[in-house]
Trainee: 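Handing you this structure, nothing more for now.
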Amino acid sequence: MTFLLGFHWGWLLGSFLFGLAAGWVAVVHRGKGVSKVLSRWLAALALALVAAALSRVVPGRPGYWLDLGLVMFACYLAGCMFGSSLRDWVLSRSAPAG
Amino acid sequence: MHGPFRWSSKWWPGVIPLVILWAIAAWTNTAPLESELAGQSTAALKDTVLDKTRVAVEGRDVTLAADAFSEQGRRSAVASVETVPGVRLVNDETHLVPEAKPFVWSAERDVVRVTLGGSAPLPASKGKLLEAARASLGGVEVADQMNLARGAPARFDNAALLLIDQIGKLKDGKITISDNKVSLSGMTRDLGGREAIAAALKNLPEGFSVAANDVKAPPYIFQAYKDPVAVTLTLSGYVPDNAVHAAIAAAAARKFFSENVVDNLKASVGAPSGFATAVVPALGALSRLSTGTLVVSDREVKLSGDALYDAAANQIRNGLAKEFPQGFQLKADISVKPPSAPVDATVCQQLFSELLVKGKIRFESGRADIVSDSAGLLDRLIETALRCPNVNIEIAGHTDADGDDASNKTLSEKRAQAVMDYLVKAGLPADRFTAVGYGSAQPVAANDTDEGKAQNRRIEFVVR
């Protein structure tokens, strides 16, 4: 894991920034979100992929690409959470004043 | 949904660029990652002894194929690759090299090259053996057909290095180690090569033994040629050392009373044992021939030429081999020289006198036993006697003036008689000869010097 983080830090930072932007926008986004049912399925899919990566069942290059994708996705999620929280905090501070 | 996941249903739009980013990252990073892991895995194997190592990386999975020389080495190789940071899985395709039973190694030399074959225990020892072969054979092509195998005896490298030194001494041949038995065959470059190799084999490491040493040396050759026209005896070939050389040269000078000895002998090791004991009587036999060649090749003595009369030929054919040390073989090809034309009494006397001026019949000191060195001269005298069948000959014995007259006379008489007996034994009729002893009564030189005395001690042939 340390090796993956060290070797791909630029890409992971990129993923985090994408997440940050998506999270920042999500707070004020007026469009339709993902339905609850679908998001459960997506969560289940993500867990299945994590399980596949941890059990090392996917061999060779696809295995590496899965690991890389999951780590990038984790960074993206972290970015999203941070971005949304940050936007929420900023809005909550400026709302009473406005 | 609460907390940071409150807005998670609207995070999906960023996933699309994320997937694109992921695809680019996978596309650009796979090859560098694989080469990085391959490099680190190879570095991790640096201290492990392996053969035919192949490291293949796919993603983060390393396939390690190699031949290991022990189970422990095999496991430690896999473990070292597993600990390389970033490696996810190691596909273990390592094997133990096969065990050779018996463990056979060989070095074979032919005209142009040396081939190292069989098994070597480790890549390092294989390299060491090749290097040693190239160094000790300077310039000769060294071909490597060695495989790697387990099961080498202890101290194999030392034994093989010692034997590589020996292959340099061979012209052609093969040296084999089978477990801890060493076998050698072939032909050495030099005469003393066999002895040198035998001496070196005594230094084989503990546990090794020589099963068969069939190394042969080029034949040890000694030659002597008696040329009746140039009146020379030419000696060529080898003698073991200077002492034997001197002994043979002295024997040749005594036995060949009229010939000049041309000495082209060289000293060399490798002579068969008993060399001098065989060569000296063989030279004696050659001295009895009118023309002849003596070739001593290892333990085979070839004597060919013309004897002066029948009985001499028979004596040489039947008697010479008995004088050889054990192991020596005689191949005699002796013919008899056609008899020379008869001569009259005057010429006969002249011939006797000429012969006895060139050489003297010698006896054991103070006794009447003819020494064997005089056989050549006696044969000449007998040949001459055969040429004058109608004359009677007095064999006259003389001594120097030392000692009392009576005993001198008796000794001279006995010596004359011994010569006569020799002649009769050679086939001459006894009634043509009379043996007379004159003691010191008829000196030919003054008896006051050793030289004069030596001249006075003599046998004369007088035609009556």
Side-chain angles (χ1 to χ4, degrees), chain A residues 1-4 6-8 10-12 14-36 38-39 42-43 53 56-73 75-88, chain B residues 1-41 43-44 54-65 78 80-93:
Chain A
M1 184 59 94
T2 324
F3 175 81
L4 274 182
F7 197 82
H8 303 99
W11 301 96
L12 300 181
S15 310
F16 181 81
L17 291 177
F18 276 173
L20 198 69
W24 183 269
V25 173
V27 177
V28 295
H29 190 35
R30 302 261 173 247
K32 253 184 105 179
V34 178
S35 73
K36 264 193 179 165
L38 184 58
S39 67
L42 289 174
R56 301 175 177 181
V57 287
V58 187
R61 286 181 172 179
Y64 160 61
W65 294 332
L66 174 64
D67 290 355
L68 179 64
L70 288 173
V71 175
M72 284 175 80
F73 187 62
C75 289
Y76 172 78
L77 287 183
C80 287
M81 279 190 268
F82 188 66
S84 294
S85 310
L86 193 66
R87 188 69 181 276
D88 186 41
Chain B
M1 203 148 315
H2 303 284
F5 286 97
R6 210 175 343 155
W7 300 282
S8 62
S9 63
K10 291 182 181 166
W11 286 348
W12 62 267
V15 171
I16 295 155
L18 178 71
V19 168
I20 296 168
L21 188 71
W22 171 61
I24 297 170
W27 177 262
T28 55
N29 278 328
T30 304
L33 174 99
E34 286 176 350
S35 71
E36 163 85 15
L37 291 180
Q40 292 207 16
S41 303
R54 269 189 307 110
V55 173
V57 185
E58 284 219 323
R60 293 164 60 205
D61 300 354
V62 178
T63 304
L64 173 64
V78 174
S80 336
V81 177
E82 274 169 349
T83 54
V84 169
V87 170
R88 192 180 72 143
L89 282 175
V90 177
N91 297 321
D92 180 5
E93 290 182 10

Trainee: Please flag which part of Ile16(B) lies under 4.5 Å from any non-hydrogen atom of chain A: side chain, backbone, both or neither.
Mentor: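 Contact with chain A involves no heavy atom of Ile16(B) at all.
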Trainee: Give, as side chain, backbone, both or neither, the part of Thr28(B) having an atom under 4.5 angstrom from any heavy atom of chain A.
Mentor: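 For Thr28(B), the contact with chain A is made by the side chain alone.
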Trainee: Is it the backbone or the side chain of Phe73(A) that comes under 4.5 Å from a heavy atom of chain B, or both, or neither?
Mentor: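 Phe73(A) touches chain B through backbone and side-chain heavy atoms alike.
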Trainee: Ignoring hydrogens, what is the shortest heavy-atom contact between Leu21(B) and Gly14(A)? Give both atom names and the distance.
Mentor: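 What the structure gives for the nearest pair is CD2-C, 3.9 Å.
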Trainee: Mind checking the CG-CH2 spacing from Leu70(A) to Trp22(B)? Nearest 0.5 Å is all I need.
Mentor: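 Rounded to the nearest 0.5 Å, the CG-CH2 separation comes to 8.5 Å.
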Trainee: Would you find a donor on one side and an acceptor on the other, under 3.5 Å apart, between the side chain of Tyr76(A) and the backbone of Gly14(B)?
Mentor: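 Yes, because the side chain of Tyr76(A) sits within donor-acceptor range (under 3.5 Å) of the backbone of Gly14(B).
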Trainee: Between Arg88(B) and Val58(A), which heavy-atom pair has the shortest distance, and what is it?
Mentor: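 Nearest heavy atoms, Arg88(B) then Val58(A): NH2-O, 2.5 Å.
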Trainee: Does any part of the side chain of Val84(B), heavy atoms only, come nearer than 4.5 Å to the side chain of Phe3(A), both counted from C-beta?
Mentor: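 Phe3(A) does not reach Val84(B) side chain to side chain.
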Trainee: Name the member of Ala22(A), Ala26(A), Gly63(A) that forms the most heavy-atom pairs with chain B at distances under 4.5 Å.
Mentor: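 Going by pairs under 4.5 Å, I would pick Ala26(A).
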Trainee: Given side chain to side chain contact (heavy atoms under 4.5 Å, CB included), test Glu36(B) with Phe7(A) step by step and report yes or no.
Mentor: CA-CA 10 Å; Glu36(B) 163 85 15; Phe7(A) 197 82; 4.2 Å; yes
Trainee: Mind checking the CG-NE2 spacing from Asn29(B) to His8(A)? Nearest 0.5 Å is all I need.
Mentor: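 One finds 4.0 Å between CG of Asn29(B) and NE2 of His8(A).
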Trainee: Can you find a pair of side-chain heavy atoms, one from Tyr64(A) and one from Glu58(B), that are under 4.5 Å apart?
Mentor: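 Answer no - side chains too far apart.
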Trainee: Heavy-atom distance under 4.5 Å to chain B: side chain of Leu4(A), backbone, both or neither?
Mentor: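 Side chain only.
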Trainee: Minimum heavy-atom separation for Trp11(B) to Gly23(A), with atom names?
Mentor: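 Distance-wise, the nearest heavy atoms are NE1-CA, 3.8 Å.
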Trainee: Using non-hydrogen atoms and a 4.5 Å limit, figure out which bit of Val15(B) sits close to chain A: side chain, backbone, both or neither.
Mentor: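 Both parts, backbone and side chain.
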Trainee: For the residue pair Thr30(B) and Trp65(A), what are the closest heavy atoms and their distance?
Mentor: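 Taking Thr30(B) first and Trp65(A) second, the nearest heavy atoms are OG1-NE1, 2.9 Å.
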Trainee: Will you find, in the side chains of Ser39(A) and Trp12(B), an N or O donor that is under 3.5 Å from an N or O acceptor?
Mentor: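 Trp12(B) and Ser39(A) do not have a side-chain donor-acceptor pair below 3.5 Å.
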Trainee: Could you pull out the closest heavy-atom pair between Trp7(B) and Ser85(A), with the gap in Å?
Mentor: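 Closest pair (atom of Trp7(B), atom of Ser85(A), distance): CZ3-N, 4.2 Å.
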